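Below is one structure, written out as structure tokens; the observations come after it.
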Amino acid sequence: MKKVDVLLGLQWGDEGKGKIVDVITPNYKIVSRFQGGPNAGHTLEFNQQKYVLHTIPSGIFRDNTLNIIGNGVVIDPIILQKEINQLEASGVDVRSKLRISRSAHLILPTHRLLDAASEHAKGKDKIGSTLKGIGPTYMDKTGRNGLRFGDLFQPDAQERYDRLKQKHHEFLQAFNEIPSIELNENAWWDAVHFLKQFPVVDSSLEIDTALKNNESVLAEGAQGTMLDIDFGTYPFVTSSNTVTAGACTGLGVAPNRIGEVMGIFKAYCTRVGSGPFPTELNDEVGEAMRKEGREFGSTTGRARRCGWLDLPALKYAIRINGVTQLIMMKADVLSIFEDILVCTGYHVGELTTNEIPLYLEDAKPVYTKLSGWKSDLTTIRKESDFPKELTDYIRFIEAETGVPISIVSVGPDREQTILR
Ligand code: GDP
Ligand code: IMO
Ligand code: MG
């Protein structure tokens, strides 16, 4: 029987998951998001058009593939409705290709308010959340108070909503200052009525049936391993399990049904929001990376922090996820540099280590210098045209991690992808 392949981020998100999911979707009958919500922004480019997806899986542009929003995802109905409308306006047939899990939790307008109040109260220690209500919604899920998509079909849906909203108002009393944000409850309910037209499914059953019919399934991660609630740089993380295990719980797939695990990483590192980032470059080199890589958030527009590739963090992510193949993105961005540094270890106090300390802010990077290729990669379409220094860079990473790099991306477009 077929297994579920997983594609997920190995760094701090924005590795280019959306682009690669779109590229490989023709190989899959189902593409499914398993965690996160509209904090994600997955960008795809083809035919000179750019699209950013927040909740909808990145397989939506291909015919013959079903897209499932799994039980582990949190949905903001207003954002999802807007996404669907925008796609339909550009000619994408969303209706016949999108399914929503009955167990996915809903982001209420008051969850966004709680998110904003919580961040505001943290002051300079703030997480740098996207303020989409993600944390409070997952808190209600684990606190056993949440509202699920399937609950909306019950006759007492409005009462359930009102009870939860009332609880949120009680929580809000605990904050000294409550930011003023528009709650837009009418738009929320309108969006709910709109979404109820879509097929509501049990993602576990849908996927099991597909596998039994020998159809392939891809699970699309959001965020990245270093933002995982358990394995990321806590507390500067998101509120879900972004790792392979999250695909099991976020879709209802048993661990022994997981197949290939494709781990995606940028040829350097970025991070948006607060939290430790050992290789961060707060200088003109980091500025040049940001400019060349157009490193501004797809969801919030914030400037992304930039730095060199961090191999100890990458190896850690490979271990936790059981990565079987690597995908390297944005190699073209490094074309501007004469030399390329790679972090191959950390100094933590007196110690030199390859392991991730509990407080990553204590780690000072130890670098290895490699030669840059100083040539344009964006028009390359086959591996034999790679400059020698790029091949050396790839081989170095493969040797360090022990995992093959199966795809190299040299630009944002679908076509700028080299399968090895
Ligand atoms: P995701 O959240 O992992 O899907 O990634 P994002 O879409 O947030 O960020 C990746 C950004 O890099 C997007 O703007 C992509 O269009 C762009 N991108 C993806 N692959 C490449 C690449 O190989 N080279 C360049 N220059 N840009 C890329
Ligand atoms: P994609 O799927 C990059 C970051 C936020 C913040 C922290 C918590 O596009 O890779 P949250 O909104 O979850 O409370 O924010 O996580 N973050 C992301 N950073 N890419 C993302 O998603 C992110 N989703 C959340 O910036 O630091
Ligand atoms: Mg993104």
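Start at 1 and go down the list; that is how both ligands and their atoms are numbered. Just so you know, these numbers come straight off a predicted model, no measurement behind them. Computed over heavy atoms, backbone and side chain alike; hydrogens, waters and symmetry mates excluded.
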For Trp308 and Phe337, I'd like to know if the aromatic rings sit close, meaning centre-to-centre distance below 6.0 Å.
yes

So if I only count non-hydrogen atoms and take anything under 4.0 Å from ligand 2, which residues does that give, chain by chain?
Trp12, Gly13, Asp14, Lys17, Asn39, Ala40, Gly41, His42, Ile127, Gly128, Ser129, Thr130, Ala222, Gln223, Leu227, Val237, Thr238, Val272, Gly273, Arg302

Whether Arg305 engages the ring of Phe277 as a cation-pi pair (distance to the six-membered ring centre under 6.0 angstrom, angle to the ring normal within 45°) should be assessed.
no

For ligand 1, which atoms, with element, lie under 4.0 Å from some heavy atom of Lys19?
20 (N)

Donor-acceptor check, side chain of Tyr138 to backbone of Gly36, threshold 3.5 angstrom: yes or no?
yes

Contacting atoms of ligand 1, where contact means under 4.0 angstrom from a heavy atom of Ser409
20 (N), 21 (C), 22 (C), 23 (O)

I need the contact type for Glu45 against ligand 1. Using non-hydrogen atoms and a strict under-4.0 Å cut-off, is it side chain, backbone, both or neither?
side chain

Is the closest side-chain donor-acceptor distance between Lys141 and Thr137 under 3.5 Å?
no

Among Glu15, Arg414, Lys330, which one puts a heavy atom closest to atom 12 (O) of ligand 1?
Lys330

Under 4.0 Å from ligand 1, counting heavy atoms only, is it the side chain of Val410, its backbone, both or neither?
backbone

What atoms of ligand 1 come closer than 4.0 angstrom to any heavy atom of Ser298?
6 (P), 7 (O), 8 (O)

Candidate with minimal heavy-atom separation from atom 1 (P) of ligand 1, of Glu220, Lys17, Met328:
Lys17

Everything protein-side that's N, O or S and under 2.8 Å from the Mg ion (ligand 3): list it, residue and atom.
Asp14 OD1, Gly41 O

Could you check whether Glu215 pairs with Lys29 (Lys NZ or Arg NE/NH1/NH2 to Asp/Glu carboxylate O, under 4.0 Å)?
no

Under 4.0 Å from one or more heavy atoms of Gly18, ligand 1 contributes atoms 4 (O)

For Lys132 and Asp115, what are the C-alpha separation, side-chain angles and deciding distance, and is it a salt bridge (charged side-chain N to carboxylate O under 4.0 Å, His left out)?
CA-CA 7 Å; Lys132 301 293 178 193; Asp115 212 0; over 6 Å; no

The atoms of ligand 1 lying under 4.0 Å from a heavy atom of Met329, numbered in the order shown, are 20 (N)

Considering both backbone and side-chain atoms of Gly13, is one of its nitrogen or oxygen atoms within less than 3.5 Å of a nitrogen or oxygen in ligand 1?
no

